[in-house]
Amino acid sequence: MGLASVSTASEGIQFCIFDLRRGQNEGQELDKILFFFPADLPFSTQLSVIGLSEGLITFTRIFSPEAACEVIEAERHSHVFYEAESDIWMVMVVEKSKEAEAIWRIEDLRKVLKEVHSLFVMFYGPVRAMLEKEPNGGLIRSHFYPFIMDYLSDFLVGKRLQLPSFRDCLKERGNVQMLTVGREAAIEVQSLVRILESCVGNTQCYSLILFQDLLVSTTLSPDDTINLFTYAVQRLTPHALSSGASSWSYLRRASTSSHAGSVSTMAHSGSVSEQIYHSSDISPSGDNNHRVSRPLQHGKWSKGNDGFLVTDIWGVDVGSSMIASPTVWLQQTEERMYLCIYQYKGLTLILLMPVSSILNGEQGVSAVKQQVLENASLKILKVEEKLSKGWGGENAYHVGGYRYLLVDGDRNISRASPPGKVTTLTKESLLAMSKLREEVDLEKGRAKWDNAGLEKDLEVCIRAKNNAWVIARITRGKELYMVLEKANETLLYASDAFEKFSSRYCNGAFSLD
């Protein structure tokens, strides 16, 4: 089964993945291309883009051997770089536009590249390992093309590809959003975790518990937690199952009127990934004789009568003729794990068990599920009831008069104003915050390399064109960004409002006292 491109009405975005260790001999240049979007561009054009990227990487290493190239700003394009693994580079080339809607943060685009790689590794393992398993590159390409096109389908607004723009300035990608729970609820959750672990017996297992789209509990490492949480919010939670779409974008949730920020038009109808997967092969390897699971496909998960989520994404188990259970690869243990997902109302439980430790494969997984139903059902009902009583709805973390983003970088946690509230801000306020965050990103980058791990406190306060106050304060690994549109004209008033928020909702972490 072959792979083909999705045509674009403009060349507003190019996205490629290549291996610097491959294709160094004349006549073998195509070997280095592992993925390229749009895939229907001539190979000469693809090689030109990758050749320029290689040159920029090599040139910048002369001046900064220890710091990988992150971005190159040209007159007409931004070149965004991310070294996913050693010598495996992901590059996004974005055409600059005079339209205000097409303004984005470079760091946000880099986090898109990082998210693509992190999710890919969670399902298939490291890229380098796949290249070593099949050196001709056919295996990795047959997985990259459908996976990334399924991922990019989340960015479609109508028929246009919508990159994260300035309208997403009060959101942080690559973090988890936690549910605040009381002491009694926390005790019940911990009790549930212990029961889930007992259902697997003496085998080491892990769990992740969500309520709605918020994390309640995890026994995974921080990186694995972020990856599985991201996937759960995109495909597994009740909201994801009901909408068939991911929930990360403010635009997708609350605004459908303005699509001017799109950088590329998808000149087709229907699913991007369906067309690319069922068309003729144009990948450099020409080899697509691999059975590829596509975990990011929409509409492939459903809730069974027993409460467990089911999917046929992973095919059928040859030995038992049962639908194969989903599996993921954990960075923490570097082993493949079965994924069992149980859902009751707004509660989603994810149980992970080592494939190597479950006897009889699918039959062993079914036995664990039965243990969960028999031993954990009552506790699940009790936990869901307690969390529901304390849940304030989608606007639970709204603070009147404030539009904010709080980031705890040490714990990889963020909290923000609800998307519907953020969309009430004017374009001028959002543009000002986006520009402020871009400046903060640059300052953080300088501090990272100048101070070798020493944290730097930072405070910036800007008056936007519409007289709104846009504020950022960074201290001790925490960041708080805030927009005050109805503040008094004085800086003193805005500073006082910021201090009140810090004292009441952040335990004074950002107070100047």
Original post:
By ring-ring contact (aromatic ring centres under 6.0 Å, His included), which residues pair with Y124, not counting sequence neighbours?
Top reply: F120, H143, F147
So, the side chain of [X] versus the backbone of [Y]: is there a donor-acceptor pair under 3.5 Å, distance only?
X    : Y    : result
S434 : L430 : no
S417 : Y404 : yes
Y231 : P295 : yes
D306 : F308 : yes
N375 : Q371 : yes
K386 : E188 : no
S502 : F510 : yes
S429 : L425 : no
R473 : L480 : no
D108 : W104 : no

Between [Y] and [X], is there a side-chain heavy-atom distance shorter than 4.5 Å?
X    : Y    : value
T423 : R167 : no
F37  : M149 : yes
Y338 : L352 : no
D224 : W329 : no
M337 : T327 : no
L214 : V233 : no
T225 : L208 : yes
P164 : V112 : yes

Report the distance from atom [atom1] of [X] to atom [atom2] of [Y], rounding to the nearest 0.5 Å.
X    : Y    : atom1 : atom2 : result
S293 : R291 : OG    : CZ    : 6.0 Å
Q343 : I350 : CD    : CD1   : 9.5 Å
D408 : E479 : CG    : CD    : 9.5 Å
Y344 : E385 : OH    : CD    : 8.5 Å
K114 : K111 : NZ    : NZ    : 7.5 Å
M90  : I17  : CE    : CD1   : 4.0 Å

Original post:
Which residues satisfy the salt bridge (Lys or Arg N to Asp or Glu O under 4.0 Å) test with E85, sequence neighbours excluded?
Top reply: none
Subject >> Within 6.0 Å of CG in N395, more than 12 heavy atoms from elsewhere >> reply: yes
Subject >> E374 atom CD: more than 12 heavy-atom contacts under 6.0 Å >> reply: yes
How close do [X] and [Y] get, heavy atom to heavy atom, and via which atoms?
X    : Y    : answer
S221 : Q332 : N-OE1, 3.2 Å
P126 : V121 : N-CG1, 4.0 Å
T348 : P238 : OG1-CD, 3.7 Å
R141 : L34  : CG-O, 3.5 Å
S142 : V292 : O-CG2, 3.4 Å
V368 : M353 : CG1-SD, 3.5 Å

**OP:** Take S207 and E197 through the test side-chain hydrogen bond (donor to acceptor under 3.5 Å, both in side chains) and record every step on the way to the result.
**Re:** CA-CA 8 Å; S207 64; E197 291 174 347; 5.2 Å; no
Original post:
What do the steps show when you test R173 against T230 for side-chain hydrogen bond (donor to acceptor under 3.5 Å, both in side chains), and what is the final call?
Top reply: CA-CA 9 Å; R173 189 179 294 273; T230 299; over 6 Å; no
Original post:
Between Y397 and Q177, is a side-chain hydrogen bond (donor to acceptor under 3.5 Å, both in side chains) present by the stated rule, with each step listed?
Top reply: CA-CA 11 Å; Y397 299 121; Q177 290 75 55; over 6 Å; no
Original post:
Between the side chains of Q204 and S357, does any donor sit under 3.5 Å from an acceptor?
Top reply: no
Original post:
Hey, are K300 and D150 close enough for a salt bridge, meaning a charged N less than 4.0 Å from a carboxylate O?
Top reply: no
Subject >> Test side-chain contact (heavy atoms from CB on, under 4.5 Å) applied to K478 and V407, step by step >> reply: CA-CA 6 Å; K478 296 180 174 62; V407 180; over 6 Å; no
Original post:
When Y402 is tested against each of Y481, F501, F498 for ring-ring contact (aromatic ring centres under 6.0 Å, His included), which residue passes?
Top reply: F501
Original post:
Applying salt bridge (charged side-chain N to carboxylate O under 4.0 Å, His left out), which residue pairs with at least one partner in residues 332-358 are found, sequence neighbours left out?
Top reply: none
**OP:** Apply side-chain contact (heavy atoms from CB on, under 4.5 Å) to the pair C340 and V365, showing each step before the final yes or no.
**Re:** CA-CA 8 Å; C340 291; V365 174; 3.6 Å; yes
**OP:** Would you sort out whether D168 and R437 count as a salt bridge (Lys or Arg N to Asp or Glu O under 4.0 Å), showing the intermediate values?
**Re:** CA-CA 11 Å; D168 297 299; R437 293 205 64 189; over 6 Å; no
Original post:
Does the separation of the ring centres of F15 and F35 fall below 6.0 angstrom?
Top reply: yes
